[in-house]
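Down below is the structure, laid out as structure tokens.
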Amino acid sequence: MEEDNSYQQTMMAALGMGQPGGLPMPRFITEDQVLAEARPMAQRIFKNWEILKVITERREETIQKRWVKKSRPKRRALLLEAWPNMPQSHRPDIAAWKREGKQSNWTRDRDATPFMWPHINLEDLSKTEPLLLMLNSRARYAPDYFATADLAPTRFGFVSQMITSAFLNGYVMMFRGRKTPETYGQLYSWDDHEDASEWLSSERGNHPGEGLWILEIQDRLYDFLVNCCRQILHDIPAKSLADSSLPVLPEPPLVTAKTSSEGIESLAIASFEAPYKVPADLDLDRLEAVVEAKLADAEDHIWSLREDPGYFAKALNEGKEHRLESLPDKRGQPHPVFSRSKTDLLWERIVAETINNALDEADLWNAIYEKVVDLRQLARKHANSFTPDDDLPSDLAMAFYKLYIHLDRYQEAILSESNLLKGFCASPPMRSHYVREVPFPDEYDKMTAVSRNIPQTDAEGALIWIFATLSDQRQRFLMGRKALLTEIELLFRQDSSAKRLVSGWISDKIATFAVICEAFHQIELYQPWAAGFQYNIASRMDTLNKDFFQVSTKYTGMRHREVKNMWPKVASRGNPTDGRFNYPVDKSRTRENVEAMRQAEANLDGFWALLLGSLRKAGAMSPRMEGIFKRDLQRTGPWVEPTKLPKKEDIVAVSKDILSFRLDDREKVKVDAPVEKIKKKTRGQANPALAPSTPSETKNVLGTESKSPSFKVDKRALKVFHTLFFKPSASTQAGEVPWVDFLHAMISTGFSVEKLYGSVWHFQPSNLDVERSIQFHEPHPSSKIPFTMARRYGRRLNRTYGWEGSMFALAA
């Protein structure tokens, strides 16, 4: 093999590796060198694991209590004692790359710690949870459970060429299922074992250079954890700590920050804690629930555009505010479309993109959902029919590949520079940092934003870097999708000003990307097979691309090709600038407000009648889309004058006359209906002809609201549901709902709540006789839900679960 190494080294040198500007030359090793390095590390790993296991099984609760009581400075001192020169900051690998990455390649004679152990740093480990989670997981599960997870963080350093692994061709190292130091990291030659080459290509095994990394990472990590235990339990002799004859105690509850006191979980915190915990397994139930809820969210967005004039106008105006036309050019001049003669062209673009994006998103999520359902059915079919040493059944493997490709294509559509980054640059909070590159005539889609190089706050600089990285395919691969999302959430937690720099429109884009990330994450948990998915997908790309275009672009392509000439006419009916969609639904009901609402609804109906007619004529409506537009449309009824109440002075006069009658005359007096009405209602009568804000109010008007309450909730939750299902009248109007109160209300009815990324929150039924999940977007940047949004929440809850205002009552 030394001759083979010599040949490989010659070939790499011929490709420019090791030369200035080229890829770094790896360290070449032999079989004997691998064995000489690997065996001692494997021995130490299992020795320290046994010690850690003995300590934790008997003293974990004591460790937890002592660590929780320690101050942050004392924790840092203890960590430095156990790991001298531990990096200071969160994600030290990114900090080192930013600091030195452009100067030179990182070499092994310099400190590789930030890239080999990026989650070992003082900022993170001095928090309460990470060290305790790591002690628990590493003690109670064997080292092979973590081999793949421990290698994963090195990808950033390797791809960025900051670190390089050793190289030995023709061999593979195996870790999974190996429970002894003699078999852990066992080296196989391709020539001596018929499956060795396939193990490597499918990534169920590791290249020897990667295998040595796994051993090196775990060797130092287990030694560090044992030293931490000794420091925390410093008053107990070392011999007693490792005494396995002591009784094993029950495992105490995990200490985690991902769940709040009300049971609200955070995906960002879960992602932050993941490197310190046992690697999770694929959860197809969760994958289907998250995707199905996102599909429902996309469809409800379309229906809100169809039904609610205020929502429609808001969506168009938000789209306008996030276009590069909003930026001045380098000379400070506005874009020509803002001239009076060209505003129709601007609104044609805005209306077309807003509607097309909404329809495309629903069709794409429907395709993804169907792929998830297919995958789940095949997983059930093949359950327990193969082992981790076997290949996946071909149909199950293909189902994974098809889902992966659909997610990847949609991810690119969201994160392409023409979408997310341009929207971020043009967004009102960040607009001052950019100018528009002047395009050639009629090439508005090729406009770019250029930084003005003005001073930036720390939060502004961090967000500019994150969004530029998200929108760059190579940089996103380098950093990792989920890592970037987690960085955004952690930034929001650390710097309150950062959240105000991200508009609601951008936050919604991030929320959609977050669901895609969660789907990717679930697929990547399917180890050991997921490690080889990209390799296998590459060899089947023609078939997979054909499937994607046949399934996912059938209707989206037709919408963009066949009906693009209709937009000038259609868009003129959707231009909101003349106030045609003014919709005072949040105001008390008066003649003027009701007439304004009815006119806005008629204008919106006219727009959609024209649009849908064109789409249907072109055959650009999918069956799923047709189903959306068959929903019952809620409209405001004509104004009817409320019954007039008697004036106060008239009531007084009548009362005096009655009192002046003799007793024998009182039998002749008939009390008319108005007197009775005065007793029943003193604040005016709701207009009975008004169509309600929610479906439940239609039933109220018709006098059919007789269902007994289904939920007994506290006063705080009841107030929320009264607003969600508010009954409009001439004398009342609803207020805002604090977001935390909405979360409390949903939890009180039997939902578990999880914050994903961006603005999206996932509500999973946990104590209800329903199965479907639902997602809502947190208001941004305010922490209160305005009534117009609360009204839409109520309608969504009605469509999804049949909820009505009459179903909620105050608990005794």
4.5 Å side-chain heavy-atom contact, [X] and [Y]:
X      : Y      : value
Leu484 : Phe513 : no
Asp124 : Phe272 : yes
Trp303 : Arg795 : no
Cys228 : Trp83  : no
Asp714 : His744 : yes
Arg792 : Asp300 : no
Ser427 : Trp505 : no
Asp297 : Lys294 : yes

If we ignore angles and hydrogens, is there a donor and acceptor under 3.5 Å between the side chains of [X] and [Y]?
X      : Y      : value
Arg76  : Gln88  : yes
Arg75  : Thr128 : yes
Lys320 : Ser326 : no

Practice problem: Apply the side chain to side chain contact (heavy atoms under 4.5 Å, CB included) test between Phe763 and each candidate in Leu797, Thr749, Leu743, Thr800; give the one that qualifies. | Solution: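 Per the side chain to side chain contact (heavy atoms under 4.5 Å, CB included) rule, the option paired with Phe763 is Leu743, out of Leu797, Thr749, Leu743, Thr800.
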
Quiz item: Between Ile516, Val515, Leu407, which is the residue that forms a side chain to side chain contact (heavy atoms under 4.5 Å, CB included) with Ile368?
Solution: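 The option that passes is Leu407.
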
Nearest 0.5 Å, please: how far is [atom2] in [Y] from [atom1] in [X]?
X      : Y      : atom1 : atom2 : result
Glu460 : His433 : CD    : NE2   : 3.0 Å
Phe158 : Met116 : CZ    : CE    : 12.0 Å
Ile506 : Met430 : CD1   : CE    : 10.5 Å
Asp472 : Phe467 : CG    : CZ    : 15.0 Å
Phe424 : Leu420 : CZ    : CG    : 8.5 Å
Phe721 : Met746 : CZ    : CE    : 6.5 Å

Practice problem: Dump the intermediate steps for side-chain contact (heavy atoms from CB on, under 4.5 Å) on Val585 and Asp308, then the final yes or no. | Solution: CA-CA 10 Å; Val585 70; Asp308 188 331; 5.8 Å; no

Minimum-distance pair of heavy atoms, taken over all atoms of [X] and [Y]:
X      : Y      : answer
Phe742 : Ile785 : CB-CD1, 3.7 Å
Ala459 : Leu491 : O-CD2, 4.3 Å
Phe725 : Gly794 : CE2-O, 3.4 Å
Leu485 : Cys517 : CD1-SG, 3.4 Å
Leu327 : Ala426 : CD2-CA, 4.2 Å
Asn85  : Leu80  : N-CD2, 4.1 Å

Quiz prompt | side-chain contact (heavy atoms from CB on, under 4.5 Å) assessment of Thr723 paired with Val720 | solution = CA-CA 5 Å; Thr723 304; Val720 171; 6.0 Å; no

Counting only heavy atoms not in [X] (residues, nucleotides, ligands), do more than 12 fall under 6.0 Å from its [atom1]?
X      : atom1 : result
Lys127 : NZ    : yes
Lys784 : NZ    : no
Phe520 : CZ    : yes

For the pair [X] (side chain) and [Y] (backbone), establish whether a donor and an acceptor sit closer than 3.5 Å, ignoring hydrogens and angles.
X      : Y      : value
Arg481 : His521 : no
Thr469 : Arg476 : no
Tyr276 : His119 : yes
Gln522 : Asp283 : yes
Arg452 : Ser432 : yes
Arg436 : Gln333 : yes
Ser748 : Ala745 : yes
Asn356 : Ala352 : yes
Ser507 : Ser759 : yes
Gln775 : Val290 : yes

Whether [Y] and [X] form a salt bridge (side-chain N of Lys/Arg under 4.0 Å from carboxylate O of Asp/Glu) is what I want to check.
X      : Y      : value
Glu299 : Arg796 : no
Asp741 : Lys719 : no
Lys314 : Glu318 : yes

Self-check item: Non-neighbouring partners of Glu518 that pass salt bridge (charged side-chain N to carboxylate O under 4.0 Å, His left out), sequence neighbours left out
Solution: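 So Glu518 forms a salt bridge (charged side-chain N to carboxylate O under 4.0 Å, His left out) with Arg286, Lys482.
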
Quiz item: Are Trp97 and Phe115 near enough that their ring centres are under 6.0 Å apart?
Solution: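 No, ring centres 6.0 Å or more apart.
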
Practice problem: Test side-chain contact (heavy atoms from CB on, under 4.5 Å) on Trp365 and Tyr410 and set out the steps. | Solution: CA-CA 9 Å; Trp365 277 114; Tyr410 190 29; 3.3 Å; yes

Self-check item: Counterpart residues, ring pair (Phe, Tyr, Trp, His ring centres under 6.0 Å), relative to Tyr311 (two or more places apart)
Solution: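 Tyr311 satisfies ring pair (Phe, Tyr, Trp, His ring centres under 6.0 Å) with His301 once adjacent residues are dropped.
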
Exercise. Give every residue pair that meets the salt bridge (charged side-chain N to carboxylate O under 4.0 Å, His left out) criterion with at least one member in residues 494-514, sequence neighbours excluded.
Key: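 Listed once each, the pairs are Lys499-Glu778.
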
Practice problem: Take Leu132 and Glu129 through the side-chain contact (heavy atoms from CB on, under 4.5 Å) test and state the conclusion after the steps. | Solution: CA-CA 5 Å; Leu132 299 179; Glu129 301 83 13; over 6 Å; no

